[in-house]
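Below: one structure, written as structure tokens.
Throughout, numbering of the chain's residues begins at 1 and tracks the sequence. Order of appearance sets the numbers: ligands from 1, and atoms from 1 within every ligand.
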Amino acid sequence: MIDTDLYCVKILVRGIVQGVGFRPFVYQEAVKNSLTGWVRNTSSGVEIEICGTRKCVEQFLHTLQNNPPPLARLDHIKVTETPPNGATEFLILESTDSESQFLPVSPDISICEDCLRELSDPNDRRYRYPFINCTNCGPRFTIIKGIPYDRPNTTMASFDLCPACQEEYTNPLDRRFHAQPIACPECGPYLWLEVKGQRVAEREDALQKARQLLKGGAIVAIKGLGGFHLACDASNEKAVRALRNRKKRSDKPFAVMVFDLSRVEKIAEINEEEKAILLSRQNPIVLLRKKKDARVVPDVSPDVDTIGVMLPYTPLHYLLLEPGEGFPEVLVMTSGNLSEEPIAYEDEEGLTRLQNIADAFLLHNRPIHMRVDDSVVAVSAGGFLPIRRARGYAPDTISLPFHFPPILAAGAELKNTFCLTRERYAFLSHHIGDMENLETLNSFVEGIEHYQNVFKTVPEVLACDLHPDYMATRYAEARSERENLPLIRIQHHHAHLASCLVEHQWDTDDPVIGLIFDGTGLGEDRAIWGGEILVGGYSGYHRRFHLEYIPLPGGDASIRKPARTALAHLWHAGIPWEEHLPPCSALCGDELTLLHSQLKHRINAPWTSSMGRLFDAVSSCIGLRHEASYEAQAAIMLETICNLQETAAYSVILQDDEIKLRTLWQEILNDWLAGTPPSTISAKFHNWVATVALYASETIRSETGINTVACSGGVWQNRVLVQKAKTLLEQHGFRVFFHKIVPPNDGGLSLGQAAIAGWKATKRNG
Ligand code: ZN
Ligand code: ZN
Ligand code: FE
């Protein structure tokens, strides 16, 4: 039966709709419903025009909305009726590009089920091909040089398609239709192995030789998706130790890669939520509770009860970790860098920088345009807890609760990210790193240029931290001067608070209670803040409570020496340094004398209210850790030993705007002298922090009626604290926000800076 009533609509779709198999999907659905018309990519999304019976058009729209392709993210669909265009078939048209529009770019996606199947099918032409991919998986952000996202704008531009790939690429019904990184053994990138500057093997042979080397205890640098990894057998004590020594990374845990879930279960405890994250297409490193198992020597993550685990996410990883006679089940896969430097990603650079670490290099000729590290996440009582947001998540857009002018927020010094905004989108960069060297500064500057280019946004307002010595601050200052742009300086902990509010789509300036427990950040009074209980929103804040100030000898340098921080705390509390106390015996006599005079005369000892340093100090005071080889090591050890059964807490004293510490220290030392186990002291201290959070929030609620609490700052990576504070606050009727999209640490700071700057720049009045 022919329905003569032709119904035609024009559909505009925005969101992640390019490079994810969206047009073939539209084509197939249109043909299935006997519709005529066309589909095309534009620089703002996808445009579709369809004609057919009303029923068929509606069926098409229903599928579009409810069953889009797996990687697509539809942010907005606009449907308008349009006159018939006389088309007699359905076509995929050429892309159009208009200057001012932008399009979200997909992060890199781990290998899909279909590609995995082909990878292991001897009859497939991509059998065991390490660079197999399709529209549903593979590299994206790391290979994009510009937009629109077409092959000439990627690092695949130099590989000419063979006839077979060309056929797949141009066939709308093929899974690889317009898959920009499409490749095969005939025409695509390949592997080779280098030892001492010599190319010793290629392709499958290179892979097998690399496996032999790993099996024999060697350290192999492997060029992957977003940079180099350094790999070795996690069960080989000597290899792991050698890697630590050569990387100059004394204690910081290494991540591991395991072939599949059943093998993860042998080395770590894993719950359903963690399982789902491990298996997600973002494929991050997940922090799990480790089991004692010979497949992972203790030196992989010394002194802590967690281990960072990831599953293979590229075809190369699957081939590399393939279970085999005597081949290690668990590989250390740590970032290919020297401690503190950014991950290496260019061949020359990788070879030079890693030559003293790696025994061999497994390389390939697909260039990486953007260096992106592995993401790190954990599961806490608050749910998904991002710790490092990079591969798989960046550069996904984050929705803003307001429409902002274009802003660039420069972020912090450690764990730097920057943030660009456009309309109601924030583009929070992938993890850049600690801005302590030229390499990281370069990747920060290059990153900003790349994001501006890809997302077609030019900042009109700049935001930075109050700290004048942050490299990111200096960049913002220089740029503000050069381009004559307004620069808004934002207090560190206010930015943390705003970052948490943005995430929860807080769309007013109504104040909330900010429990900002952090390492360090410069305060308005030039002291180092970090134990801050704020009342505020985007436009401003009031510092209602803070940890009592103590002098911090050596300032930031004390991060490396928790024993010094502990002694500063004791000194300030008027507790004598008796030599049987662990931090006293940890330092030599001269150092103690020097420290004492430093404190007494306040030489290079700025005031601090840092919560992170308080955790460090308690850790040292009960003998856990006196020197830290990475940030928060002492605090992590304190969390690790906490006795979860213990419910008692040390006494909380809030006086005026101060959280007093003297009684806390007296009680801790009394316990210590009475022989109370460190696990109990740790628990009573964690309970003290949670109780501080509760009492302070209750006081503020009684003063203001505010009932919403936002928890931000690096200390909230402590999952024991999250559990305790969440329970306590919720029991008392508070609504509690934790970070779920961006890290609570300084990796999320630039998002908050952007929101505050956006608010101030538009001078909203609540
Ligand atoms: Zn695929
Ligand atoms: Zn090919
Ligand atoms: Fe911070």
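Asp121 has no carboxylate O lying under 4.0 Å from a charged side-chain N of Arg126, or vice versa, which leaves the two without a salt bridge. Between Arg489 and Glu477, at least one side-chain N (NZ, or NE/NH1/NH2) sits under 4.0 Å from a carboxylate O, which counts as a salt bridge. A salt bridge is absent between Arg389 and Glu503: the closest approach of a Lys/Arg side-chain nitrogen to an acidic carboxylate oxygen does not fall below 4.0 angstrom. Using a cutoff of 4.0 Å between basic side-chain nitrogens and carboxylate oxygens, Glu631 and Lys415 are scored as salt-bridged.
Between the Fe ion (ligand 3) and the N, O or S atoms of His492, the shortest distance is to NE2.
Two rings, from Phe615 and His686, have their centers less than 6.0 Å apart. In this structure, His178 has its ring center under 6.0 Å from that of Tyr169.
The two residues Asp616 and Ile559 have their closest heavy-atom pair at OD2-O, 4.3 Å.
The distance from the Fe ion (ligand 3) to the nearest N/O/S atom of His493 is not under 2.8 Å.
Rounding to the nearest 10°, we obtain 110° for the angle at the Zn ion (ligand 1) between Cys112 SG and Cys137 SG. Vertex the Fe ion (ligand 3), arms ending at OD1 of Asp746 and OD1 of Asp518: the angle is 120° after rounding to 10 degrees.
Once rounded to the nearest 0.5 Å, the distance linking OH of Tyr318 with CZ of Phe259 reads 7.0 Å.
The distance cut-off of 2.8 Å around the Zn ion (ligand 2) captures these protein N, O or S atoms, sorted by chain and number: Cys162 SG, Cys165 SG, Cys184 SG, Cys187 SG.
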